[in-house]
Amino acid sequence: MVARRKVAVVGAALSDCGRVDDATPYALHAQAARRALADAGLDRTLVDGFASAGLGALAPVEVAAYLGLRPTWVDSTSVGGSTWEVMAAHAADAIAAGHARAVLLVYGSTARADVRAGRRTGTLSFGTRGPLQFEVPYGHTLIAKYAMAARRHMIEYGTTIEQLAEVAVQARANAALNPEAMFRTPVTVDEVLAGPMIADPFTKLHCCVRSDGGAAVLLVAEEYVRDCRTSPVWVLGAGECVSHAALSEWPDFTVSPAAVSGRLAFGRAGVRPAEIDVAEIYDAFTYMTLVTLEDLGFCAKGEGGAFVEKGRLRVEGGALPVNTDGGGLSAQHPGMRGLFLLVEAVRQLRGECGERQVRRGDGTLPRLAVASGTGGWFCSSGTVVLGAG
């Protein structure tokens, strides 16, 4: 049996993000990719693996061609927001098995600019084919599906709208420390509750921002780490899970597929949730953060509301800093945000986050981070546990 190689993230970068009116999605892919390679200090000729989704008729073929890459290992897995955690798991397995030496994960989107310019409209539905045809007649929008799940949790466990609003308040507090975040002005629980209703119980600030932006992450086999200019962040374990396509087939609206992907990731990494120093969690809506914290094992089922109170998610003084860049609720959310979670987790473990840098109780840098993405309407989940070099 051939020994499996260790795998590290050595490059992590964002493209220009937020309001980007003068770039194409391809350009944002290229900008993020160049920055990630420069971050690692490696030449693109080393890259023999490529993963991308969401752009082009033959993703990732078109994007690889645009970047001038000719990969011999590719992945175009597309499971919504959790795509890049799942891709990272696949890439790590491929590198560990010797099927690739360096895999580049890239994403870019002009979701905000396209709506602004009239090139597209806001996405309210994923279509009317397949299993979705049985839900469309009832007016299920994407937001409504998350709202129904949140309401179910409130009924089952007594979770309050004020507790959900705390997620948005603390995300904004973290964003205030991030000069690249779209929205940095602090908000209060009362301001969250007073906003316009989008889908009961979600008001506007319970929902993610719409932005432009791109991200890239470079994973390599352990023998290339010595050639990099950055400290390695090791992939310790990962898990993935697909739960359902139609809400009618979802056994429990209060349990997300992160309950499975998280258990697999922590088990494979050999660490416990209590050992994690920083968590980056997909937060298209406040409820996603709360229920994912439960399902990853940071608190018991039904206790998420109490857990998020008292500032636990804040960079400054929080027991478990969550979405340290401000998350999709305040920093940026260009359509699918899973890759941004990995970039922020890597930067935190390398100590590169400036004012928003997380420190452990003894003042040292964080040692363990988890990035957990959610796709669709809690249809899929990918969770990756990372460790500092």
Side-chain angles (χ1 to χ4, degrees), residues 53-54 75-87 89-90 122-159 164 198-202 206-208 238-267 281-305 328 333 335-338 341 371-384:
D75 188 1
S76 61
T77 296
S78 183
V79 286
S82 62
T83 291
W84 285 270
E85 281 69 38
V86 173
M87 283 182 171
H90 296 175
T123 302
L124 297 178
S125 171
F126 273 66
T128 59
R129 297 182 178 182
L132 298 180
Q133 66 183 294
F134 302 109
E135 297 181 349
V136 169
Y138 298 96
H140 288 193
T141 62
L142 178 65
I143 297 173
K145 294 178 180 185
Y146 281 100
M148 285 193 294
R151 181 62 71 183
R152 185 72 252 167
H153 199 280
M154 297 169 77
I155 292 171
E156 289 285 336
Y157 299 109
T159 305
L164 288 173
I198 305 299
D200 185 35
F202 294 151
H206 283 280
C207 307
C208 66
E240 57 196 87
C241 177
V242 172
S243 177
H244 56 276
L247 263 67
S248 60
E249 302 304 314
W250 188 4
D252 188 340
F253 279 23
T254 70
V255 179
S256 79
V260 176
S261 70
R263 173 175 52 79
L264 293 173
F266 285 124
I281 293 174
Y282 207 100
D283 63 338
F285 306 98
T286 53
Y287 175 61
M288 297 174 74
T289 302
L290 185 147
V291 77
T292 303
L293 285 167
E294 293 180 348
D295 292 336
L296 291 179
F298 292 112
C299 59
K301 178 54 61 180
E303 296 181 3
H333 196 298
M336 293 187 285
R337 195 175 180 273
L341 308 180
S372 188
T374 301
W377 37 97
F378 285 119
C379 301
S380 67
S381 176
T383 301
V384 180

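The residues of the chain are indexed from 1 along the displayed sequence.
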request  = Consider only side-chain N and O atoms of S256 and T292, and report whether a donor and an acceptor are under 3.5 Å apart.
outcome  = no

Among residues at least two apart in sequence or on other chains, which ones pass side chain to side chain donor-acceptor pair (under 3.5 Å) with [X]?
{"X": "S76", "answer": "none"}
{"X": "T159", "answer": "H153"}
{"X": "E156", "answer": "R152"}
{"X": "T383", "answer": "S261, S372"}

task = Scan residues 132-143 for pairs that pass salt bridge (charged side-chain N to carboxylate O under 4.0 Å, His left out), counting only residues two or more places apart or in two chains.
result =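 Listed once each, the pairs are E135-K145.
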
Which heavy atom of [X] sits nearest a heavy atom of [Y], and at what distance?
{"X": "V79", "Y": "S380", "value": "O-OG, 2.8 Å"}
{"X": "P201", "Y": "A150", "value": "CG-CB, 4.4 Å"}
{"X": "G262", "Y": "L296", "value": "CA-CD2, 3.7 Å"}
{"X": "S78", "Y": "A53", "value": "CB-CB, 4.2 Å"}
{"X": "Y138", "Y": "F134", "value": "CE1-O, 3.5 Å"}

ask   = Going through the checks in order, is the ring-ring contact (aromatic ring centres under 6.0 Å, His included) test met by Y146 and F378?
value = CA-CA 8 Å; Y146 281 100; F378 285 119; 4.9 Å; yes

query = Excluding sequence neighbours, so at least two apart, what forms salt bridge (charged side-chain N to carboxylate O under 4.0 Å, His left out) with D295?
reply =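 Checked D295 against salt bridge (charged side-chain N to carboxylate O under 4.0 Å, His left out); matches are K301.
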
Residues in salt bridge (charged side-chain N to carboxylate O under 4.0 Å, His left out) contact with D200, at least two apart in sequence or another chain =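 Residues passing salt bridge (charged side-chain N to carboxylate O under 4.0 Å, His left out) with D200: R151.
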
Separation of [Y] [atom2] from [X] [atom1] (nearest 0.5 Å):
{"X": "E85", "Y": "T374", "atom1": "CD", "atom2": "OG1", "value": "8.5 Å"}
{"X": "Y287", "Y": "L164", "atom1": "OH", "atom2": "CG", "value": "9.0 Å"}
{"X": "F298", "Y": "I281", "atom1": "CZ", "atom2": "CD1", "value": "6.0 Å"}
{"X": "R337", "Y": "S82", "atom1": "CZ", "atom2": "OG", "value": "14.0 Å"}
{"X": "E303", "Y": "Y157", "atom1": "CD", "atom2": "OH", "value": "10.0 Å"}
{"X": "W377", "Y": "L132", "atom1": "CH2", "atom2": "CG", "value": "4.5 Å"}

State which residues pass side-chain contact (heavy atoms from CB on, under 4.5 Å) with [X]; sequence neighbours excluded, sorted by chain then number.
{"X": "A284", "result": "C208, Y282, M288, H333"}
{"X": "V260", "result": "C241, R263, L264"}
{"X": "A144", "result": "T141"}

task = Can you run down the side chain to side chain donor-acceptor pair (under 3.5 Å) pairs that involve residues 239-250, sequence neighbours left out, and say none if there aren't any?
result =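 For residues 239-250, and leaving out neighbouring residues, the side chain to side chain donor-acceptor pair (under 3.5 Å) pairs sorted by first residue read H90-E240.
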
